[in-house]
Amino acid sequence: DDLDDEEFYDDHLEAYFKKLLPHGMQ
Amino acid sequence: FGSSTLRSIISPLNAERLKPIRQKTKNAVVSILESGEVCMEFLKEQNSQERVKEVLRISCDGNLIYVYHPNEGKGFPLVDRPPSPPENRLSYTFDSLPEKYWKKYQYAAKFIKLVRSKTPKVTYYTRYAKCMLMENSPTADVEVCFYDGAKIHKTSDVIRVIEKSGRSYTLEGSRLSTLSDEVRSYLDHANESHCVCLSLESAINTEEKKGENISLFPITFGRRP
């Protein structure tokens, strides 16, 4: 289980973070 | 790890109020479920097919962990939700989790920490900016998005500035004295807004403790002028 080089960030995660913002305004 | 307990390395994760997500990385899928549980599926490739061979299912407060090996160890193909826990799952508390799972738990905790740092807890609209205090308290991140396009992102150890022109940089102690008056005024407003957010958070926390265990967060104050 090589977790050392795992990277979470990608477009899917970025889209999720954007949706968390109230009123869709960055 | 050279440490005797997992607790000496990290605190239990906390997925309270986080929105569901299912995020795939190279060797694993980490999910925040509707229930608030955090699920990690570890994958192995078999005949060109990714199969879920091991699952760690962690309670929302991080204190209860189920470990199971789906399909009696043979695994299941990766689908859009984690395999359900079987009756013969292994059950641990945070403090009794065997050391061989610590790294996996830390991996889940790292993901939850990242999501908390991006999830607004208190949103406060000022005359000039939207200020968001994130969920990763204590020392939560703050993002101050000015209506003119400038942005200031404060974490526990750095301040990142994006000027309205798009120019961006990280502030270090030595640079603070060389800032232009304009950038300094943005920073001053960000600091003031940050203080208001902390004060509002504290007041709502007090009210929340009097209530019936229902979280009053996330909460928004004001609106864009």
Side-chain angles (χ1 to χ4, degrees), chain A, chain B residues 17-32 40-44 53-54 56 100-125 129-132 134-135 143 145-147 149 151 162 218-224:
Chain A
D1 302 309
D2 183 14
L3 295 173
D4 290 337
D5 60 348
E6 289 282 8
E7 189 56 61
F8 295 123
Y9 265 103
D10 64 6
D11 291 345
H12 175 245
L13 192 59
E14 283 297 331
Y16 167 81
F17 288 149
K18 275 191 182 153
K19 272 194 207 163
L20 296 175
L21 299 175
H23 314 308
M25 189 204 94
Q26 176 54 44
Chain B
R17 292 189 295 271
L18 301 185
K19 292 269 177 71
I21 184 174
R22 187 163 171 76
Q23 181 70 14
K24 188 174 182 307
T25 60
K26 199 170 75 181
N27 298 311
V29 177
V30 55
S31 304
I32 301 171
M40 298 187 65
E41 297 160 73
F42 292 94
L43 310 173
K44 286 233 169 79
K53 291 282 195 174
E54 184 176 63
L56 263 72
K100 64 180 174 177
Y101 298 119
W102 287 6
K103 193 172 176 184
K104 291 170 178 171
Y105 189 98
Q106 284 177 278
Y107 177 80
K110 186 177 158 193
F111 181 73
I112 295 304
K113 191 176 167 194
L114 172 65
V115 174
R116 293 195 84 77
S117 74
K118 297 282 188 180
T119 301
K121 184 179 184 186
V122 175
T123 300
Y124 164 52
Y125 287 90
K130 179 173 77 165
C131 181
M132 288 170 290
M134 302 301 177
E135 284 277 10
E143 285 191 34
C145 301
F146 289 83
Y147 307 137
K151 184 172 169 179
I162 303 174
I219 191 162
T220 299
F221 295 91
R223 61 179 177 182
R224 183 175 171 163

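Throughout, a chain's letter reflects where its sequence line sits, starting with A, and its residues are numbered from 1.
- The part of B/T123 that comes within reach of chain A is its side chain, from C-beta onward, which places non-hydrogen atoms under 4.5 angstrom from that chain.
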Exercise. Run the side-chain contact (heavy atoms from CB on, under 4.5 Å) check on B/L114 and A/F17 step by step: do they pass?
Worked result: CA-CA 10 Å; B/L114 172 65; A/F17 288 149; 4.0 Å; yes

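- Partners of B/K19 according to the side-chain contact (heavy atoms from CB on, under 4.5 Å) rule, which considers only residues two or more places apart in sequence or in another chain, are A/Y16, A/L20.
- Residue A/H12 comes nearest to B/I21 through the heavy atom pair CE1-CG1, 4.0 Å, listed as atom of the first residue, atom of the second, then distance.
- Contacts of B/K53 classified as salt bridge (charged side-chain N to carboxylate O under 4.0 Å, His left out), with partners at least two apart in sequence or in another chain: none.
- Within the 4.5 angstrom heavy-atom criterion, no atom of B/R223 approaches chain A.
- Across every non-hydrogen atom of A/D10 and B/K24, the tightest pair is OD2-O, 4.4 Å.
- Within the 4.5 Å cutoff, no side-chain heavy atoms of A/F8 are placed close to those of B/V115.
- Rounded to the nearest 0.5 angstrom, A/L21 CG and B/K130 NZ are separated by 5.0 Å.
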